Participant: 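Before I ask anything, here is the structure I am working with.
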Amino acid sequence: MRGCFITIEGGEGAGKSSNIEFVRRHLEQHGIKPVVTREPGGTPLGESIRTLLLDERNSEIANDTELLLMFAARAQHLAEVINPALQEGKWVLCDRFTDATFAYQGGGRGIPRQRIAALEQWVQQGLEPDLTLLLDIPVWQGLARAGKRSAPDRFEREQAAFFERVRKVYLEQARRYPERFRVIDASRAQEKVQQTLADVLTAWLSER
Ligand code: TMP
């Protein structure tokens, strides 16, 4: 039986890194040892593409180039890591996936949804996450949290209006696919967020 594919999404400063660790530990407590990976990246080639995408010196990258690089990294990630793991029955926990492309390249950059959907179909051939945890936080609050970290990358340099569009599309995706999305209010204290994550995961695992 194919393994489960879980993705974690959210805007800047939503707390993805610490919460993905929490989700990993929660799954391990249930006897599931997931393959934990990320996008863009997750393979040597994908990590090289990630470096190009995040490098703030590459400010001339055209929107379509950015979109295609995201899907190039994803195609490699699927071929080398995600599909083989799922086929072996392993679970995959991925920090961002195609919902991020709809949010950032679609919402943020304004690329038409249909164009992204065509690439999604081409590259994923019907594969979708089984569960997507969306850590939702008001943009001002996320940016205030993210601002406390190191030098901003090419995406982190965007203005608040860009991240408002990103958030809007994430929430639209959640409404479009209610069966796989769980929206978590990440504006609260860490313990509260993690309590909700634990409840959501326990409920989801028991339904399976
Ligand atoms: P990270 O900081 O969560 O690791 O993600 C790196 C950046 O890449 C983040 O600013 C969001 C962006 N991104 C996209 O724009 N489109 C995508 O499809 C993915 C996966 C990430």
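Please read these numbers as outputs of a predicted model, since none were measured by experiment. Ligands are counted one by one from 1 in listed order, and the atoms in each one are counted from 1 as well.
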Participant: What atoms of ligand 1 come within less than 4.0 Å of a heavy atom belonging to Glu39?
Facilitator: 20 (C)
Participant: Output the list of atoms in ligand 1 that are nearer than 4.0 Å to some heavy atom of Pro40, sorted by atom number.
Facilitator: 8 (O), 19 (C), 20 (C), 21 (C)
Participant: Restricting to non-hydrogen atoms, name the atom on Lys90 and the atom on Val35 that form the minimum distance, rounded to 0.1 Å.
Facilitator: CD-CG2, 3.9 Å
Participant: Take Arg167 and Glu172 through the test salt bridge (Lys or Arg N to Asp or Glu O under 4.0 Å) and record every step on the way to the result.
Facilitator: CA-CA 9 Å; Arg167 183 182 186 209; Glu172 280 170 16; over 6 Å; no
Participant: Is the NZ or CZ atom of Arg113 both under 6.0 Å from the centre of the six-membered ring of Phe102 and within 45° of that ring's axis?
Facilitator: yes
Participant: Just need the protein heavy atom nearest to atom 17 (C) of ligand 1, so name the residue and atom and give the distance.
Facilitator: Met70 SD, 3.4 Å
Participant: Can you confirm, on distance only, whether ligand 1 has an N/O atom lying under 3.5 Å from any N/O atom belonging to Lys16?
Facilitator: yes
Participant: Could you tell me whether Thr101 and ligand 1 have an N or O pair separated by under 3.5 Å?
Facilitator: yes
Participant: At under 4.0 Å between heavy atoms, which part of Arg74 makes contact with ligand 1: side chain, backbone, both or neither?
Facilitator: side chain
Participant: Taking the inter-plane angle between the rings of Phe5 and Phe97 on a 0 to 90° scale, is it parallel (under 30°), tilted (30 to 60°) or perpendicular (over 60°)?
Facilitator: perpendicular
Participant: Which ligand 1 atoms, with their elements, are less than 4.0 angstrom from a heavy-atom of Glu12?
Facilitator: 10 (O)
Participant: Which heavy atom of the protein is the closest neighbour of atom 10 (O) of ligand 1, given with residue, atom name and distance?
Facilitator: Phe155 CB, 3.2 Å
Participant: Identify the closest protein heavy atom to atom 5 (O) of ligand 1: which residue and atom is it, and at what distance?
Facilitator: Arg96 NE, 3.2 Å
Participant: Can you name the closest pair of heavy atoms from Glu9 and Ala100 and give their distance?
Facilitator: OE1-CB, 3.4 Å
Participant: Are Thr101 and Glu39 side-chain neighbours, meaning at least one heavy-atom pair lies under 4.5 Å?
Facilitator: no
Participant: When you measure from atom 4 (O) of ligand 1 to every protein heavy atom, which one gives the shortest distance, and what is it?
Facilitator: Arg50 NH2, 2.7 Å
Participant: Which of these passes salt bridge (Lys or Arg N to Asp or Glu O under 4.0 Å) with Asp95: Arg38, Arg24, Lys16?
Facilitator: Lys16
Participant: Is NZ or CZ of Arg74 both nearer than 6.0 Å to the six-membered ring centre of Phe71 and within 45° of the ring axis?
Facilitator: yes
Participant: Of the side chain and backbone of Ala103, name the one, both, or neither that has a heavy atom under 4.0 Å from an atom of ligand 1.
Facilitator: neither
Participant: What do we get for Gln105 next to ligand 1 when only non-hydrogen atoms under 4.0 Å count, side chain, backbone, both or neither?
Facilitator: side chain
